[in-house]
> 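Below is the structure I would like to discuss, written out as structure tokens.
The chain is numbered in sequence order, starting from 1.
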Amino acid sequence: MHCALYNAGRCRSCQWLEKPYSQQLSDKQSLLEQLLAQMPVAEYLPPVISAQQGFRNKAKMVVSGSVERPILGMVARDDEPVDLCGCPLYPASFTPVFEVLKPFIARAGLTPYNVARKRGELKFLLLTESSQGGMMLRFVLRSTSKLAQLRAALPWLQQQLPQLKVISANIQPVHMAILEGEEEIALTTEQALAENFNQVPLYIRPQSFFQTNPHVAADLYATARAWVAELPVSSMWDLFCGVGGFGLHCATPEMQLTGIEISAEAIACAQQSALQLGLDKVSFAALDSTQFATSREQVPQLVLVNPPRRGIGVELCAYLSQMAPDYILYSSCNPSSMAQDIARLADYQVSRVQLFDMFPHTAHFEVLTLLVKKGGTA
């Protein structure tokens with residue numbers, strides 16, 4: 001992939017850009033196998049590859065410069081703003097949106113936040129696109145002082161960009177490098193962006209997490225569904241479930257499934273999908289996954305976990321070891337913490353492992369691992 005920003009030394013987010021893509025995959029696979037070297041792995045499946053550019057469905061843009069000439073991108077280590085509108089990771093559909101947003105910032109009088117002076121209002125623009133064509137736009141503001149101006153200017157923006165289905169303002173008052181605050185203010189009636197992976201309806205709300213590489217994510221969910229379909233199970237938990245992508249793919253009309261996620265926004269998305277699919281035996285709740293699990297006296301046949309980078313941790317590993325579900329399906333964005341967790345699950349054998357290249361040109365990747373209780377069958 002050619003990137004003028006990388007070549008000019010202005011952005012080095014893609015640390016592995018100079019490596020041929022085949023070498024990137026090989027290095028990631030080697031790292032994964034090295035991390036699991038102390039555990040017998042019955043089968044490694046071939047890595048699932050990604051498009052090398054235009055694959056991201058989300059842009060997180062720091063807004064700097066002036067209200068008349070805003071710069072959308074990031075601030076480099078020398079405190080100079082870098083325009084990332086031409087980043088080749090973004091799809092071509094983002095370019096016209098960025099071009100309209102720049103004059104809109106002036107029209108709405110949203111002064112970019114100046115970190116050094118602690119002045120200004122507009123901190124970030126967060127743009128997400130669905131594969132169905134719609135987009136979600138979030139304005140991250142320092143306060144509500146410019147909210148009336150933003151609302152007044154919105155009709156012009158919506159006329160220019162009818163693909164913006166969901167628009168909101170997030171209030172982040174803290175003078176720190178924090179992407180968003182707790183308060184979200186809806187600026188459109190619609191507040192859930194419709195998505196669809198593998199004929200499964202999914203929804204993205206402003207404060208819910210969603211994978212940034214939709215094609216690889218769709219492959220990941222489809223793979224989990226295929227693996228689960230091979231197992232003799234009729235009950236499962238989907239812990240750290242987000243908007244329900246894994247559980248909704250694995251659920252059948254007969255499957256008793258409970259999905260748990262700390263984010264109420266994400267759970268609202270999952271519940272909307274389950275209702276649309278008519279899944280009567282599926283339920284989702286906004287709770288802490290570890291607290292939910294460890295308070296239960298029985299476990300289902302399958303526990304699926306998709307934790308944040310820290311992994312599932314000592315407490316949940318100890319509980320799963322004690323309660324011994326037949327199968328654990330572990331999806332991880334951090335293979336190091338996953339390997340530590342698997343080492344704690346000594347009564348399980350690693351049946352199947354597959355790498356999903358969710359983040360090309362970086363050292364990061366997603367991995368799906370099926371664990372089977374020793375003495376059981378995969």
Side-chain angles (χ1 to χ4, degrees), residues 45-52 54-59 89-91 93-94 126-136 163 165-166 190-230 236-253 255 257 259-261 263 265-279 282 284 302 304-308 329-333 354-360 364-370:
L45 293 171
V48 172
I49 65 172
S50 170
Q52 294 180 51
F55 58 81
R56 279 188 68 91
N57 63 357
K58 186 172 185 177
L89 300 186
Y90 298 139
S93 53
F94 279 20
L126 309 179
L127 180 67
T128 302
E129 182 177 46
S130 163
S131 63
Q132 308 301 292
M135 290 184 170
M136 174 168 63
Q163 63 268 49
K165 306 300 183 185
V166 177
E190 204 172 323
Q191 280 295 292
L193 183 64
E195 181 56 281
N196 192 294
F197 287 175
N198 311 305
Q199 289 75 56
V200 175
L202 300 170
Y203 292 92
I204 312 170
R205 294 177 69 88
Q207 290 185 298
S208 61
F209 170 79
F210 200 83
Q211 297 284 8
T212 58
N213 189 327
H215 294 292
V216 176
D219 282 345
L220 175 65
Y221 293 147
T223 301
R225 176 166 62 187
W227 291 9
V228 171
E230 296 173 1
M236 67 178 284
W237 287 345
D238 182 6
L239 302 183
F240 312 94
C241 71
V243 301
F246 280 107
L248 293 164
H249 274 77
C250 296
T252 63
M255 179 77 78
L257 185 147
I260 302 296
E261 163 64 43
S263 165
E265 284 275 272
I267 287 299
C269 296
Q271 290 170 334
Q272 187 174 351
S273 297
L275 186 65
Q276 189 172 335
L277 288 167
L279 295 169
V282 170
F284 291 95
L302 166 66
L304 190 154
V305 295
N306 181 29
L329 187 56
Y330 197 133
S331 177
S332 172
C333 61
Q354 191 164 23
L355 184 156
F356 292 78
D357 194 24
M358 199 80 76
F359 315 102
H364 301 289
F365 55 90
E366 197 90 12
V367 60
L368 189 64
T369 301
L370 177 61

> Taking all non-hydrogen atoms of both residues into account, name the closest pair between G242 and A270 and its distance.
O-CB, 4.4 Å

> Identify the two heavy atoms, one from V166 and one from P206, that lie closest to each other, and give their separation to 0.1 Å.
CG1-CG, 4.3 Å

> Closest approach of C250 and V228, non-hydrogen atoms and distance?
SG-CG2, 3.7 Å

> Go through the steps for K165 and E190 under the test salt bridge (charged side-chain N to carboxylate O under 4.0 Å, His left out), then give the verdict.
CA-CA 7 Å; K165 306 300 183 185; E190 204 172 323; over 6 Å; no

> So, Q207 and S263: side-chain donor and acceptor under 3.5 Å apart, yes or no?
no

> Take D357 and V216 through the side chain to side chain contact (heavy atoms under 4.5 Å, CB included) test and state the conclusion after the steps.
CA-CA 7 Å; D357 194 24; V216 176; 5.7 Å; no

> Just do the side chain to side chain contact (heavy atoms under 4.5 Å, CB included) check on F210 and V243 with the steps written out, would you?
CA-CA 7 Å; F210 200 83; V243 301; 3.8 Å; yes

> Which of parallel (below 30°), tilted (30 to 60°) and perpendicular (above 60°) describes F197 and Y221?
tilted

> Is the closest side-chain heavy-atom distance between L355 and E366 below 4.5 Å?
no

> How far does CG of D238 sit from CD1 of I260, to the nearest 0.5 angstrom?
9.0 Å

> With side chains defined as the heavy atoms from C-beta onward, is the minimum distance between L248 and L277 less than 4.5 Å?
yes

> Hey, are the side chains of L368 and F356 touching, using non-hydrogen atoms and a 4.5 Å cut-off?
yes

> So do D219 and V48 actually touch side chain to side chain, heavy atoms under 4.5 Å?
yes

> How many angstroms lie between CG in L304 and NE2 in H249, if you round to the nearest 0.5 Å?
12.0 Å

> Which atoms form the tightest heavy-atom contact between A217 and M358, and what is the distance?
N-SD, 3.8 Å

> So, for G244 and F284, which heavy atoms are closest and what is the spacing to 0.1 Å?
CA-CE2, 4.1 Å

> Would F55 and T212 count as a side chain to side chain contact (heavy atoms under 4.5 Å, CB included) if you check the C-alpha gap in whole Å, the side-chain angles of each, and the deciding distance to 0.1 Å?
CA-CA 8 Å; F55 58 81; T212 58; 6.0 Å; no

> To the nearest 0.5 angstrom, please state how far the CG atom of L89 sits from the CZ atom of F359.
12.0 Å

> Check whether any side-chain heavy atom of F94 lies under 4.5 Å from a side-chain heavy atom of M135, and answer yes or no.
yes

> So how far is it from N213 CG to L220 CG, rounded to the nearest 0.5 Å?
10.5 Å

> Could you check whether any side-chain heavy atom of M255 comes within less than 4.5 Å of a side-chain heavy atom of V282, counting everything from C-beta outward?
no

> Decide yes or no for F246 and S331: does some side-chain heavy atom of the first lie under 4.5 Å from some side-chain heavy atom of the second?
yes

> Say you draw a straight line from SG of C333 to CD of Q211; how long is it, rounded to the nearest 0.5 Å?
8.0 Å

> Is a donor on one side and an acceptor on the other found under 3.5 Å between the side chain of S273 and the backbone of P201?
yes

> Evaluate the side chain to side chain contact (heavy atoms under 4.5 Å, CB included) criterion for residues L127 and K58: first the C-alpha distance (whole Å), next the side-chain angles of each, then the deciding distance (0.1 Å), finally the verdict.
CA-CA 6 Å; L127 180 67; K58 186 172 185 177; over 6 Å; no

> So do the side chains of L329 and W227 get within less than 4.5 Å of each other, counting heavy atoms only?
yes

> Which heavy atom in P360 sits nearest to a heavy atom in A51, and how many Å separate them?
CG-O, 3.7 Å

> Would you compute the distance between atom OG of S130 and atom OH of Y203 and round it to the nearest 0.5 angstrom?
10.0 Å

> Using a distance-only test with no angle check, is there a side-chain donor-acceptor pair under 3.5 angstrom linking S93 and E129?
yes

